[in-house]
Protein chains: 4
Amino acid sequence: MAPPPNNKVGRARVRESVRTAYREAILEAAERVISRDGFTGVKMADIAAEAGVAAGTVYNYFKNKEAVLESIKLRGFEQIHQQMLAARALEDPLERIRSQVRGVFEYVEGRGALFTIYMQHGGVHEWIQQRIHKKGRGANQEVFARFDQLTLATLEEAVARGQVREDIALEDLAEMLGGLIDALMFTWFRQGCPPNLSEKSDLLFDMFLHGAHAR
Amino acid sequence: MAPPPNNKVGRARVRESVRTAYREAILEAAERVISRDGFTGVKMADIAAEAGVAAGTVYNYFKNKEAVLESIKLRGFEQIHQQMLAARALEDPLERIRSQVRGVFEYVEGRGALFTIYMQHGGVHEWIQQRIHKKGRGANQEVFARFDQLTLATLEEAVARGQVREDIALEDLAEMLGGLIDALMFTWFRQGCPPNLSEKSDLLFDMFLHGAHAR
Amino acid sequence: MAPPPNNKVGRARVRESVRTAYREAILEAAERVISRDGFTGVKMADIAAEAGVAAGTVYNYFKNKEAVLESIKLRGFEQIHQQMLAARALEDPLERIRSQVRGVFEYVEGRGALFTIYMQHGGVHEWIQQRIHKKGRGANQEVFARFDQLTLATLEEAVARGQVREDIALEDLAEMLGGLIDALMFTWFRQGCPPNLSEKSDLLFDMFLHGAHAR
Amino acid sequence: MAPPPNNKVGRARVRESVRTAYREAILEAAERVISRDGFTGVKMADIAAEAGVAAGTVYNYFKNKEAVLESIKLRGFEQIHQQMLAARALEDPLERIRSQVRGVFEYVEGRGALFTIYMQHGGVHEWIQQRIHKKGRGANQEVFARFDQLTLATLEEAVARGQVREDIALEDLAEMLGGLIDALMFTWFRQGCPPNLSEKSDLLFDMFLHGAHAR
DNA sequence: TATGAATGAGATTTCATTCAT
DNA sequence: TATGAATGAAATCTCATTCAT
């Protein structure tokens with residue numbers, strides 16, 4: 001057995017890692033509960049039970065219920081963002097986009113719950129309200145901005161290479177692409193999360209590039 | 001004072017119209033409340049207050065809270081469906097689609113609340129759960145089926161006329177179209193319901209037909 | 001039997017009186033609970049039970065626990081003030097003071113609970129904090145100001161008639177008198193509220209006028 | 001490094017002094033917290049934080065929350081008592097009283113928190129309840145008894161010397177004096193602890209001896 | 001039938017105390 | 001022995017629903 005860490009630094013490090021583990025366990029549990037019971041009625045008690053901790057413990061890690069949900073959302077966005085960044089290495093911008101789309105779909109397919117939150121909570125109404133009332137909480141805004149930037153930059157490169165139409169504003173293109181992604185996820189969700197979301201990514205990409213018109 | 005209507009039929013008719021008026025007032029009020037405060041926290045008391053009736057009165061017209069929300073949703077879908085049917089007269093299927101899209105957008109633009117509900121309540125998770133657990137309530141299912149049918153029929157006609165690619169399954173096309181519509185609404189909603197949704201419909205239609213690829 | 005009030009005004013009046021009755025019943029109950037169990041641990045559930053209403057009902061009349069306690073305090077101050085005003089008719093200012101003192105003592109003797117609150121809650125610390133932090137809630141401040149005025153005016157008259165020393169500032173005299181009253185109540189309270197408080201009022205008055213010095 | 005004390009006695013002494021230091025630090029911290037946040041809502045966590053120790057540590061020195069508060073109160077009373085004893089040397093009983101009053105005021109002026117506790121906790125209601133229910137805890141009773149004795153003895157001496165009225169019972173005189181002291185403190189507290197309490201002691205003494213009556 | 005207050009089950013949150021390290 | 005997080009009982013508060021008028 002290794003000697004127990006007797007110094008303060010060691011103990012602090014251990015404590016920190018335990019804290020992180022608890023935090024994560026609670027968030028994971030919350031996602032599972034939401035996946036199972038829906039978002040509208042999540043109960044703190046259920047989250048605690050699912051995480052295997054006492055009700056009060058959740059409050060050692062999160063100020064209140066809202067903070068838990070907010071954290072889930074941010075963590076999800078963060079993870080999607082990482083997923084998208086994984087495509088950076090690809091040289092061809094179109095291929096990069098295709099890969100990003102696939103990455104997002106793969107991530108979402110594994111975590112339907114996140115999407116529920118994305119759409120039902122801050123993801124949609126509350127978040128909108130924030131925008132409207134200008135109280136925009138930094139973290140959210142920033143994440144969305146990063147999404148937008150990533151897409152815009154890639155599209156710009158594609159236009160520069162003559163791969164993509166110039167007669168539509170970059171912003172509109174980005175919106176259509178983002179919208180298509182949302183759309184597919186949305187429809188997939190509406191259909192009860194069948195296990196085929198990521199297969200749709202090539203179809204989406206084809207439609208994005210060529211449209212439905214007969215050749 | 002005017003003499004009261006003495007025949008039973010007349011009295012029944014008056015009563016019925018009063019009932020309908022109350023019902024509608026409550027539904028309208030509920031939509032306003034949801035638009036304003038978000039869906040997650042709608043309170044029966046708020047709905048009643050907004051409608052200008054007592055809390056108890058709502059229960060004379062709806063079994064419970066769920067019934068109110070369900071009614072809003074159905075009424076909204078119904079109205080969108082009517083909007084789409086208005087395009088039936090157009091001879092060219094592509095024009096019909098363009099018109100339908102515009103119609104839906106115009107309707108949604110005027111009633112963001114509906115969309116909130118569409119996505120946040122039955123429209124999304126709960127409704128999905130129902131599908132999964134096979135409790136599918138008839139009304140919902142039927143409405144969605146009618147949407148699908150309408151779109152499928154129109155697309156089929158367009159394919160038959162050689163206006164649309166044949167290499168993609170009709171169902172996938174319909175899904176992409178429906179998805180694009182959802183997508184635009186979704187993005188529009190995410191941006192705080194700016195007053196330009198219906199303008200986007202031509203852009204959407206163009207993208208649907210021709211895609212983003214450079215010519 | 002009188003005909004039931006069928007008009008809106010009548011019904012509103014009835015309702016109003018019922019509301020007032022409930023409010024009073026809750027406040028009375030709260031005082032009883034505090035007398036019995038002490039102030040520190042008052043529980044909303046106990047108050048509701050003592051008042052014979054459901055827990056939730058209390059919240060139809062008071063925003064929260066703090067509001068209940070605040071109301072008790074204000075009501076008590078108000079009632080003491082009324083008690084003091086009853087002495088206005090007396091012509092001799094010294095007799096008026098004697099009567100006021102007796103009145104206050106009689107009131108307090110019947111309601112030990114009020115005094116607890118007066119000293120333990122807003123009456124003492126919280127209220128002080130308010131003064132210090134300048135957030136003085138109007139109602140409290142005003143009540144105390146009225147007490148002070150009443151006493152000052154009476155003392156001024158007594159000085160004018162040559163009944164009271166001129167070599168001590170009016171404010172100091174008022175403070176000593178008020179302090180003596182507080183003091184006796186305080187001591188009485190400390191001794192477990194024995195049933196002799198109001199008898200002390202003449203003693204107090206004598207001491208206030210002549211002091212302890214041997215003649 | 002200095003050699004560690006190797007004898008048992010020395011080590012025990014060091015340990016004892018460390019324990020005392022912790023105990024005192026916790027009590028001081030608790031007084032500060034109460035002064036700042038009021039008595040009603042003191043939290044063990046706040047006390048610990050203010051003392052710079054962990055929450056659990058407090059329980060190594062005090063059985064529970066009640067024990068902490070009780071200790072503060074006793075310590076305060078004890079210190080006031082010491083203050084009063086300092087006047088014993090004075091030969092003239094009236095001067096002794098004047099000095100005692102000043103001593104008490106000086107002490108209280110420096111530690112408003114004690115007074116809060118004196119009035120809000122055991123000092124007032126709870127403590128009364130104990131008296132009433134005959135559970136009287138020895139320590140409290142004894143402290144108050146000592147106060148009373150001290151005052152009674154001094155007044156008795158003053159009466160014997162013909163300095164104080166004989167027509168009022170010693171007990172009543174003591175009560176009036178004690179009451180006046182309480183009164184001034186009370187008023188001072190009610191006014192937000194202005195920095196002039198000890199100046200009032202001569203005024204109080206004058207009033208106690210001569211009263212408010214015009215000469 | 002409209003009213004609006006009462007109800008009380010149930011949710012969130014707090015915090016004194018315990019306990020493993 | 002100090003630490004500081006876990007615990008969970010208990011308190012506060014909310015709000016859908018009921019019900020007497």
Side-chain angles (χ1 to χ4, degrees), chain A residues 4-6 8 10-12 14-16 18-19 22 41-48 51-68, chain B residues 15 18-19 22 41-49 51-68, chain C residues 4-6 8 10-12 14-16 18-19 22 41-48 51-68, chain D residues 15 18-19 22 41-49 51-68:
Chain A
N6 253 334
K8 282 198 171 181
R11 216 178 301 172
V14 167
R15 187 138 41 209
E16 195 50 41
V18 167
R19 278 196 74 81
Y22 264 102
V42 224
K43 276 169 266 172
M44 290 299 259
D46 292 349
I47 294 174
V53 300
T57 302
V58 179
Y59 288 86
N60 288 336
Y61 294 89
F62 301 92
K63 189 178 178 301
N64 53 26
K65 192 174 167 179
E66 196 192 345
V68 176
Chain B
R15 187 175 316 156
V18 167
R19 277 199 73 80
Y22 264 104
V42 225
K43 280 170 248 171
M44 288 300 259
D46 290 350
I47 293 174
V53 302
T57 303
V58 178
Y59 288 84
N60 289 333
Y61 295 91
F62 300 91
K63 186 175 178 296
N64 53 24
K65 190 175 171 179
E66 198 191 344
V68 176
Chain C
N6 253 334
K8 280 198 172 182
R11 216 179 300 173
V14 168
R15 185 137 43 210
E16 195 50 40
V18 168
R19 278 195 75 80
Y22 263 102
V42 225
K43 278 169 263 171
M44 290 299 258
D46 291 349
I47 293 174
V53 301
T57 302
V58 179
Y59 289 87
N60 288 337
Y61 293 89
F62 301 92
K63 189 178 177 299
N64 54 25
K65 192 175 166 177
E66 196 192 344
V68 176
Chain D
R15 187 175 317 154
V18 166
R19 277 198 73 80
Y22 264 104
V42 225
K43 280 171 248 171
M44 288 300 259
D46 291 349
I47 293 174
V53 301
T57 303
V58 178
Y59 287 84
N60 289 334
Y61 294 91
F62 299 92
K63 186 175 179 297
N64 54 24
K65 190 175 170 178
E66 197 192 343
V68 176

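Residue A:Ala48 comes nearest to A:Ala55 through the heavy atom pair CB-CA, 3.8 Å, listed as atom of the first residue, atom of the second, then distance.
With rounding to whole Å, A:Asp46 atom CG is found 12 Å from E:dG10 atom C1'. Residue B:Tyr61 contributes atom OH, which lies 12 Å from atom C1' of E:dT3 at whole-angstrom precision.
In terms of the ring pair (Phe, Tyr, Trp, His ring centres under 6.0 Å) criterion, residue partners of A:Tyr61 (sequence neighbours excluded) are, by chain and number, A:Tyr22.
OP1 or OP2 of F:dA5 lies within a sub-4.0 Å distance of a side-chain N or O belonging to A:Arg19.
Between A:Ala54 and D:Arg15, the one whose closest nucleotide on DNA chain F sits nearer the 5' end is D:Arg15.
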Per-nucleotide protein contact string for nucleotides 13-20 of chain E, where B marks a base within reach and S marks sugar-phosphate only (heavy atoms under 4.0 Å, - for neither): BBSSBB--
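Residue C:Val53 is classed as a sugar-phosphate contact, given heavy-atom separations below 4.0 Å to backbone atoms only. Across all strands shown, B:Phe62 has no heavy atoms under 4.0 Å from either base or sugar-phosphate atoms.
Under the 4.5 Å side-chain criterion, counting only non-hydrogen atoms from C-beta, B:Met44 is in contact with B:Val68.
Stem list for DNA chain E (at least 3 consecutive Watson-Crick or G-U pairs, distances under 3.5 Å): E:2-21 with F:2-21.
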